[in-house]
Amino acid sequence: MTGAVRPTAADASRPPGRPSGARGPDPSAARGRGSTAARGPWTRGARGVRRAGAGFAAVLVAVALASGCGIRTTSVPVDAGAAPSRVPCKLPSADVTTRSPESVAAPVYLVCASQLVTVDRPVPGGAAGGADPLVAARALLDQVQQAPPESERRAGFSTAVPAGLRVENPRTDDPAGTLRLSSQPEDLSAEALAQLVCTYAENEALVTDGSVVLGGPGTYPPRGYLCTSQTKSRPQDVTTPDVLNRH
């Protein structure tokens, strides 16, 4: 009786149904390759996901490199201050207002680039320094409240003084040098009040103890106002300083 053949280690690892010593491709291996081919679309999708992940990682690396180079992003608005003005605020010599032989040039303050800047305007000779205060005040008010001509508008000038404003006679109990306006000075815009005070401050006949004394039509006592460098540089933000309260 022939003895039984003992299976070897190679026989134990051989797939079932494949006889020992058989040659040629393994059918089970072919079936395995066929099942892998059946999963091809899923395999390609996995590769796409891996590619997308690699692309996203590359973007993160680029952002990190940009940050290292000093590039910063922010969601907080940055106040860089006011934009620089492009208007000259200066009249060419050919555009200076002409005047008659009976008039003299007087400086008046207009608004330009949010500041007060002087221009020369013609006023009657009798309204010059040393003239009657009321005559001088009316002549200067007439000039400072006029709409600037085209040459001044091109240079950026404008006025905030209302056209209907008037200067009246002071009252008998008013301090010397008082000018009474048809509106309360405090009811004018900050720019208009600053324009008027600084224009009057240039005329020595309208200055009393270093200030311009203004009152209104009401019963309020007149007040003294100074024209300071701050008044000229920021007339829209700072009210002309009140320096005294006269009785």
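Since the model is a prediction, treat every value here as computed from it, not as a measurement.
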If we ignore hydrogens and angles and just use 3.5 Å, is the side chain of [X] paired with the main-chain N or O of [Y] as donor and acceptor?
| X | Y | value |
| --- | --- | --- |
| Ser233 | Ser229 | yes |
| Arg153 | Pro148 | yes |
| Arg180 | Asn169 | no |
| Thr199 | Leu196 | no |

Would you say [X] and [Y] make side-chain contact, with heavy atoms under 4.5 Å?
| X | Y | answer |
| --- | --- | --- |
| Gln145 | Pro162 | no |
| Cys112 | Phe157 | yes |
| Pro107 | Val119 | no |
| Val212 | Leu226 | no |
| Leu206 | Leu140 | yes |
| Thr231 | Val197 | no |
| Tyr200 | Val207 | no |

Minimal non-hydrogen separation, [X] against [Y], with atom names:
| X | Y | result |
| --- | --- | --- |
| Ser114 | Pro235 | O-CD, 3.5 Å |
| Gly216 | Pro185 | N-CD, 3.9 Å |
| Ala160 | Ala192 | O-CB, 3.4 Å |
| Cys198 | Leu116 | SG-CD1, 3.9 Å |
| Ala201 | Cys227 | CB-CB, 4.1 Å |

- Query: Less than 4.0 Å between a side-chain N and a carboxylate O, is that true for Glu152 and Arg121?
  - Reply: yes
- CD/Glu186 to OG/Ser183 distance, rounded to the nearest 0.5 angstrom?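 Reported value, rounded in 0.5 Å steps: 11.0 Å.
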- Message: Could you measure the distance from the CG atom of Leu214 to the OG1 atom of Thr178? Nearest 0.5 Å is fine.
- Response: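 OG1 of Thr178 is found 8.5 Å from CG of Leu214.
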- Are Val213 and Leu179 close enough, and set up right, to give a side-chain contact (heavy atoms from CB on, under 4.5 Å), and what steps lead you there? CA-CA 6 Å; Val213 184; Leu179 299 171; over 6 Å; no
- Task: Would you please test Leu110 and Ser158 for side-chain contact (heavy atoms from CB on, under 4.5 Å) and show each step?
- Result: CA-CA 6 Å; Leu110 300 179; Ser158 63; over 6 Å; no
- Message: Could you see if Leu165 belongs to whatever hydrophobic cluster contains Tyr225? Use Ile, Leu, Val, Met, Phe, Trp, Tyr and a side-chain cutoff under 4.5 Å.
- Response: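 Yes, Leu165 connects to Tyr225 through the hydrophobic network.
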- Is Leu141 reachable from Leu193 through a run of hydrophobic residues whose side-chain heavy atoms are each under 4.5 Å from the next? yes
- Message: One pair to check against side-chain contact (heavy atoms from CB on, under 4.5 Å): Leu188 and Leu181. What are the steps and the verdict?
- Response: CA-CA 10 Å; Leu188 299 174; Leu181 305 178; 4.3 Å; yes
- Query: Step by step, would you call Val123 with Ser103 a side-chain contact (heavy atoms from CB on, under 4.5 Å)?
  - Reply: CA-CA 5 Å; Val123 297; Ser103 63; over 6 Å; no
- Query: Considering residues at least two apart in sequence or located in another chain, which fulfil the side chain to side chain donor-acceptor pair (under 3.5 Å) criterion with Tyr109?
  - Reply: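 With sequence neighbours excluded, Tyr109 shows a side chain to side chain donor-acceptor pair (under 3.5 Å) to Glu202, Lys232, given in chain and number order.
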- Item | side-chain hydrogen bond (donor to acceptor under 3.5 Å, both in side chains) partner of Thr159, chosen from Gln143, Glu191, Gln195 | Gln195
- Message: If the condition is salt bridge (charged side-chain N to carboxylate O under 4.0 Å, His left out), which residues does Arg166 pass it with, not counting sequence neighbours?
- Response: Glu168
